[in-house]
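Step one of this worksheet: look at the structure below.
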Amino acid sequence: MLYIHIPFCAKRCFYCDFHSGTNRSVLDKYILALEAELEARKSEIAIEELHTIYIGGGTPSLLTPIQLQKLFSVLGNKINIPQVKEITIEVNPDDITEEYVAAIRDLPINRVSMGVQSFDNRLLQLIGRRHDSNKAIEAYRLLRKAGIENLSIDLMFSLPTQTIEEWESSINQAIELRPEHISAYDLSYESGSVLTQKLKRGEIEACSDETSIAMYNILVDKLTQSGYEHYEISNFALPGYHSQHNSGYWNGTPYLGLGASAHSFDGKVRRANISNTAIYINNVCEGIPAFEIEELSPRESYNETIFTRMRTSAGVDLAYIEQQYGKKNLQHLLREAASYIAEGYLKEQQGRLVLTRKGIVISDSICCNLFL
Ligand code: SF4
């Protein structure tokens, strides 16, 4: 799995604290730095086993068609692109034009993930998105017309002042478009975001837990009744369209992350590239290390496995836990899980521990109790 981070945005959304900047004048240099990093690290990935590439951000759709072509020519020099099954790019609806979809169509991109967040213009303004609802629908149709057969859209709920009816309406509009994949996240107040500052100043009010849970339940009901498989807490897909890349993260597959603030994982060691685009460009091009590494202890590895796999509908494979972490830790897991199973928050099925619908809403606290 290969992840490429494009840390540039046209403007910052009010809920976001991801690493991205608005100075796009360095984009050409940034692509050269990505090329240098890929060259320096190509031995870290088994090229013949590379099945997914994910270009995320930031806003990768800020790359011009020429920059996108350059990026793919850089990748094509090191990677056998035709063997890669899933190549995703994240896009912002505002960037999707006839010219842009023509560029995507000519590249080996076969999956597009679009940040829609809401079909309600009032809420889109409130969270600082650039696009409006009509633009999102127009962008979706342009991508379809260009032959993109695997489209994912992101939605957000628990927004300040958002009503249940507004949320239902956004879900209905998403279902009407019929994307192959829908991700839906409840708003979290990240420490550096504008919304968090507004919350602290008392200018907005957070959605109540009861409303958040009600919104989540509506989401699950509507999407599953419309034929979407609920395969991860926040992710839904039509049959055959689970995100292969994200499923790899949840299954512990090693990945290489290129770009400023990108993370990599080789199965034991996690690496985080520096979250400063200017230093990243300079250091990578000069061959100076610009990353930190962290080796997971067995305990951290176990906890991370529980946390990520428990989020999926496949749950935690008990035989895998025993094989990777030993009988003692499996016994710990089963002991801690017993009361949740008895109360209907977890179930054991076919050698796996799986969250029930009731358990999903308290999944974080369940996981904490299953940790070592
Ligand atoms: S949400 Fe996406 S588009 Fe908005 S600021 Fe964050 S990275 Fe940029």
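Order of listing sets the numbers, starting from 1, for every ligand and every atom in it.
- Of all the atoms in ligand 1, the ones that sit under 4.0 Å from a non-hydrogen atom of Thr59 are 3 (S), 8 (Fe).
- Taking backbone and side chain together, Cys9 holds an N, O or S atom under 2.8 Å from atom 8 (Fe) of ligand 1.
- Follow the hydrophobic side-chain contacts under 4.5 Å out from Phe8 and you never reach Phe14; the two are in separate clusters.
- Contact annotation: Cys16 places an N, O or S atom under 2.8 Å from atom 6 (Fe) of ligand 1.
- Ring centers of Phe18 and His5: at least 6.0 Å apart, outside the cut-off.
- One side chain, Arg129 or Tyr15, offers a donor N or O that lies under 3.5 Å from an acceptor on the other.
- Nearest protein heavy-atom neighbour of atom 5 (S) of ligand 1: Cys13 N, 3.2 Å.
- Note on ligand 1: Glu90 sits outside its first shell, no heavy atom being nearer than 4.0 Å.
- Arg270 pairs in a side-chain hydrogen bond (donor to acceptor under 3.5 Å, both in side chains) with only one of the listed residues (His263, Glu292, Glu295, Glu304), which is Glu304.
- One hydrophobic cluster, built from ILVMFWY side chains closer than 4.5 Å, holds both Phe72 and Leu143.
- Shown in contact with Arg129 at under 4.0 Å from a heavy atom are these atoms of ligand 1, numbered in order with element: 1 (S), 3 (S), 4 (Fe).
- If you number the atoms of ligand 1 from 1 as listed, the ones under 4.0 Å from a heavy atom of Tyr15 come out as 1 (S).
- The protein atom (non-hydrogen) at minimum distance from atom 7 (S) of ligand 1 is Gly58 N, 3.3 Å.
- Proximity of the aromatic rings of Tyr255 and Tyr54 is defined here by a centroid distance below 6.0 angstrom, and this criterion is not met.
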